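Just below is one structure, and these are the notes that go with it.
Order of listing sets the numbers, starting from 1, for every ligand and every atom in it. Everything quoted here is computed from the prediction, not taken from an experiment.
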Amino acid sequence: MSLTAKLASGSHVEMTQLVMPGDGNIHGTTFGGRIMQWIDLCAAMASQRHCRMPVVTASIDRLDFLGPVRIGEMAVLHAQVNAVFGTSMEVGCEVWAENPISGERRKCCDSFLTFVALGPDGKPARAPLLLTASEEEAARATAAQERRSTRLAQRPRRQDPSAPVPGDPP
Ligand SMILES: CC(C)(COP(=O)(O)OP(=O)(O)OC[C@H]1O[C@@H](n2cnc3c(N)ncnc32)[C@H](O)[C@@H]1OP(=O)(O)O)[C@@H](O)C(=O)NCCC(=O)NCCS
């Protein structure tokens, strides 16, 4: 695959879901876990659109639900790569609720996810560099770099895959 630098805007994904009763909770609004699923999917597509490689979700930052998306409304998700570090990328994803009749939109969620690009051997592989073309994109890249430092400082140590699993016979 090519490692030629690419524009951040080229990774943009807009995904729209009409919220059906099966997506809901007992409050008549969208189940939070369903929104998390859509965020992961939308952000994964943005990271793949950038690197054109298989990706896995390495982490999802704190997620705040600012307001509900009601059943019968449209959930409109926007995702775009904010920064590429090495093999990993930060993707920002916003969720908006859109009233299908009035067109009114309310912001419901903001989140940041890290995806890792995988090479043909299934191991992390370098992703193409990212080009920013506006002050806003440059500011997003700077903020992503700061978040990465915090994230990696808090990253849990990976377990030894050969370590025994609790409950396994001795
Ligand atoms: C994510 C994963 C590929 C990292 O593999 P690893 O062997 O630990 O690799 P490394 O330590 O070399 O890390 C690779 C990159 O991931 C980043 N990374 C790893 N864990 C991270 C975390 N928790 N948060 C943010 N970045 C992380 C590293 O900083 C590195 O990025 P860089 O190359 O840009 O500096 C591996 O932990 C994994 O496969 N996890 C499971 C993924 C999964 O199943 N996701 C859900 C389904 S898609």
Practice item. Begin from the C-alpha positions of T57 and T114 and carry the test side-chain contact (heavy atoms from CB on, under 4.5 Å) through to its verdict. Key: CA-CA 6 Å; T57 316; T114 303; over 6 Å; no

Check your understanding: Are L118 and V55 joined in one hydrophobic group, where the rule is that I, L, V, M, F, W and Y side chains link up if heavy atoms are under 4.5 Å apart?
Key -> no

Check your understanding: Any N/O of R151 closer than 3.5 Å to an N/O of ligand 1?
Key -> no

Review point. Are there more than 12 heavy atoms of other residues, nucleotides or ligands under 6.0 Å from atom CZ of F85?
Key: yes

Check your understanding: In terms of side-chain heavy atoms, does D23 have a donor or acceptor partner in T30 at a distance below 3.5 Å?
Key -> no

Exercise for review: Between L152, T57, V55, flag the one that comes closest to atom 29 (O) of ligand 1 by a heavy atom.
Suggested key: L152

Check your understanding: Nearest protein heavy atom to atom 34 (O) of ligand 1: under 4.0 Å?
Key -> yes

Exercise for review: State yes or no: do I60 and L41 share one hydrophobic cluster built from I, L, V, M, F, W and Y residues joined by side-chain heavy-atom distances below 4.5 Å, directly or via other members?
Suggested key: yes

Revision key, fill the gap. In this structure, atom 23 (N) of ligand 1 is nearest to the protein heavy atom A58 O, 3.7 Å

**Study point:** Where ligand 1 meets F85 - atom numbers and elements under 4.0 angstrom, heavy-atom basis
**Key:** 34 (O)

Revision key, fill the gap. The closest protein heavy-atom partner of atom 31 (O) of ligand 1 is S88 OG, 3.1 Å

Check your understanding: Under a 4.5 Å side-chain heavy-atom rule over Ile, Leu, Val, Met, Phe, Trp and Tyr, are F31 and V95 clustered together?
Key -> no

Check your understanding: Hey, mind stepping through R151 and E146 against salt bridge (Lys or Arg N to Asp or Glu O under 4.0 Å) and telling me if it holds?
Key -> CA-CA 9 Å; R151 209 175 278 136; E146 286 163 14; over 6 Å; no

**Study point:** side-chain contact (heavy atoms from CB on, under 4.5 Å) evaluation trace for Q48 with M53
**Key:** CA-CA 6 Å; Q48 281 207 294; M53 295 156 78; over 6 Å; no

Revision key, fill the gap. Residue, atom and distance of the protein heavy atom nearest atom 16 (O) of ligand 1 read V116 CG2, 3.2 Å

Check your understanding: What is the nearest protein non-hydrogen atom to atom 24 (N) of ligand 1, stated with its residue, atom name and distance?
Key -> S59 OG, 3.3 Å

Practice item. Identify, for atom 7 (O) of ligand 1, the protein heavy atom at the shortest distance, and state residue, atom and that distance. Key: R158 NH1, 2.9 Å

Exercise for review: Determine if the distance from atom 1 (C) of ligand 1 to the closest protein heavy atom is below 4.0 Å.
Suggested key: yes

Exercise for review: Establish whether atom 14 (C) of ligand 1 and some protein heavy atom are separated by less than 4.0 angstrom.
Suggested key: yes

Review point. Within the structure, does at least one protein heavy atom fall under 4.0 Å of atom 47 (C) of ligand 1?
Key: no

Practice item. Check whether any N or O atom of G86, backbone or side chain, sits under 3.5 Å from an N or O atom of ligand 1, and answer yes or no. Key: yes

Exercise for review: Kindly indicate whether atom 4 (C) of ligand 1 is approached by any protein heavy atom to under 4.0 angstrom.
Suggested key: no

Exercise for review: Using distance alone, with no hydrogens and no angle criterion, decide if E137 and Q80 have a side-chain donor and acceptor under 3.5 Å apart.
Suggested key: yes

Check your understanding: In the protein, what heavy atom is nearest to atom 30 (C) of ligand 1, and what distance, to one decimal place, separates them?
Key -> T87 OG1, 3.8 Å

Exercise for review: Look at atom 42 (C) of ligand 1 and say whether a protein heavy atom is found at less than 4.0 angstrom from it.
Suggested key: yes

Review point. Looking at ligand 1, does R126 have a heavy atom less than 4.0 Å from it?
Key: no

Check your understanding: Are any of the side-chain nitrogens in E73 or R105 under 4.0 Å away from the carboxylate oxygens of its partner?
Key -> no

Check your understanding: What's the shortest distance from atom 28 (C) of ligand 1 to any protein heavy atom, and which residue and atom give it?
Key -> R155 NH1, 4.0 Å

Check your understanding: Regarding W96 and E94, is there a side-chain donor-to-acceptor distance under 3.5 Å anywhere?
Key -> yes

Review point. Ligand 1 and R148, any nitrogen or oxygen pair closer than 3.5 angstrom?
Key: yes

Review point. Are a donor atom and an acceptor atom from the side chains of N82 and E90 found within less than 3.5 Å of each other?
Key: yes

Practice item. May I ask you to identify the nearest protein heavy atom to atom 12 (O) of ligand 1, giving residue, atom name and distance to one decimal place in Å? Key: P124 CG, 4.5 Å

